[in-house]
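Heads up, the thing below is written out as structure tokens.
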Amino acid sequence: MENNLITHTKISDTVLVVNPGKNLDNTNAHELVAVITKAQETGYKYIIIDMTPLEFISSAGVGAILGAIETSREAGGDIILCNVAEVIRHILEVLDLIDYLTIKDNLQEAGASCEVYK
Amino acid sequence: MLVDAGKIKVIKVPRVLSVETVDKFHEELGSLVNKQPTLVELDCSQIDLVTSSHINLLWEARTLCLENNLNVKLSFVSPGLIRVLKVLDLHDIFLGKQPEPKMDPLNDNMDNRVKDDRELKLEFRAETGAITRCLADFRLFLSRFNLPMKFVIELEIIFYEVATNIRLHSGLGTGDVIVFDAASHDDKITMIFTDRGKAFDPTLKGTEYEPGKAIREKKKRGFGLTMIFRMTDRIIYRRLEDSINVLTLEKNWRLHHGK
């Protein structure tokens, strides 16, 4: 179950980094939704999802991310994905999502993009 | 012949080996090695008739990669090529020794076994933990065939999404069993799910999906069938007379590799 542990780190008053663990599926997608929703309600404009260890994402995991994007954008922020592994990126490509998502190569670039738009 | 996939570099081994195709292969391999990728994938999908020249070429390519401290693997390895590698005692060198799936008699997976090198049968209860454990067994089974990672992740997702759909929508209780059979053929992987739940023909379901609209409407669910349809080449549903659902899904190696 540790593989599916969702953790998060505050970067600033407006930026939160969320780490979804190794698998993002039916066992923990609801938890990711809860973390993001709470962060949005608390006032975090930017939520960076650091996908470094992510190896598997199911439709529930995709839905957890997609369902939260518009709320952040409505608030003038965004949900930013970074460190997306090749296979995870492939899943996003299969779903034609690449053009609709904000994806950065690494955490540094993701953080910098939040500063730009802040 | 060269496909750039980030840190993984894929190079196709030519089907017909002439002076020109071999020279071109060496030239492309040399250029690829200079880029120092994490992994070099020797794509064998075009080899339909294995010759000693193919084996020599694979050996030379492997040697060059190892001399440059690069990881190398074969992909789209046909049963014919596996047989030749075994006869030449090169199987473990090129493909490595694959571990046997470990079956835990105390877990919920019942009567699970690899029927032979190319077939897998899993029986599991319609609950999340059992599906996750069987996904691990399926992953281990797939590791025998040296398939490209993108192909493997799609197969894993198909398994997970179909099993989860059955769990959520078939009306099965957590004590009811889902049977999963997988087989590797010359050019495809077939997966068959059998259960005694409510009749459900996914091929009759529309998969209306527009990514921008899904984001704007904050849609959190309903992507499973879209993923299954986009990752599968053929889906056949049958409802047998004694209330048994049989869902067969096929994924073709060669078809997808051209994309």
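We name chains A, B, ... by the order of the sequence lines, and we start the count at 1 in each one. Note that the structure is predicted; figures quoted are calculated from it, not measured. Computation of the quantities below employed the complete heavy-atom set of this structure, encompassing side-chain atoms and omitting hydrogens, waters and symmetry-equivalent molecules.
I91(A) is listed as a side-chain neighbour of M231(B), based on a closest heavy-atom distance under 4.5 Å. Using a 4.5 Å heavy-atom threshold, the side chains of E86(A) and K150(B) count as touching. A 4.5 Å side-chain heavy-atom check between K220(B) and L66(A) finds every atom pair outside the cut-off.
In this structure, OG1 on T128(B) lies 6.5 Å from CG on N26(A), to the nearest 0.5 angstrom. We find the OH-CG distance between Y160(B) and N23(A) to be 8.5 Å, quoted to the nearest 0.5 Å. Here the CZ atom belonging to F223(B) is positioned 11.5 Å from the OG atom belonging to S58(A), to the nearest 0.5 angstrom.
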| message | Apply side chain to side chain contact (heavy atoms under 4.5 Å, CB included) to residues H90(A) and M149(B) and explain how you reach the verdict. | response | CA-CA 10 Å; H90(A) 175 67; M149(B) 284 183 286; over 6 Å; no
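The stretch residues 208-216 of chain B places Y209(B), E210(B), P211(B), G212(B), I215(B), R216(B) near chain A, each with some heavy atom under 4.5 Å from a heavy atom of that chain. Proximity to chain A at a heavy-atom threshold of 4.5 Å picks out nothing from residues 192-202 of chain B.
Proximity to chain A (any heavy atom under 4.5 Å) is restricted, for L135(B), to the side chain, taken from C-beta onward. Neither the backbone nor the side chain of D99(A) comes within contact range of chain B; no heavy atom of the residue lies under 4.5 Å from a heavy atom of that chain. For I88(A), no part sits under 4.5 Å from any heavy atom of chain B, backbone or side chain. If you measure heavy-atom distances from E161(B) to chain A, the contacts under 4.5 Å come from the side chain alone.
Applying the side chain to side chain contact (heavy atoms under 4.5 Å, CB included) test to I98(A) and every residue at least two apart in sequence or in another chain returns R89(A), L92(A), E93(A), I103(A). Applying the side chain to side chain contact (heavy atoms under 4.5 Å, CB included) rule to E74(A) yields the partners E70(A), K218(B); only residues at least two apart in sequence or on another chain are considered.
Listed options E156(B), R221(B), E217(B) were ranked by heavy-atom pairs under 4.5 angstrom with chain A; first place goes to E156(B). Counting heavy-atom pairs under 4.5 Å between each of V94(A), L97(A), I69(A) and chain B puts V94(A) at the top. Per-residue counts of heavy-atom pairs under 4.5 Å with chain A were compared for T132(B), I153(B), V152(B), I228(B); the largest is that of I153(B).
Counting heavy-atom neighbours within 6.0 Å of N34(B) CG, excluding the residue itself, gives a total above 12.
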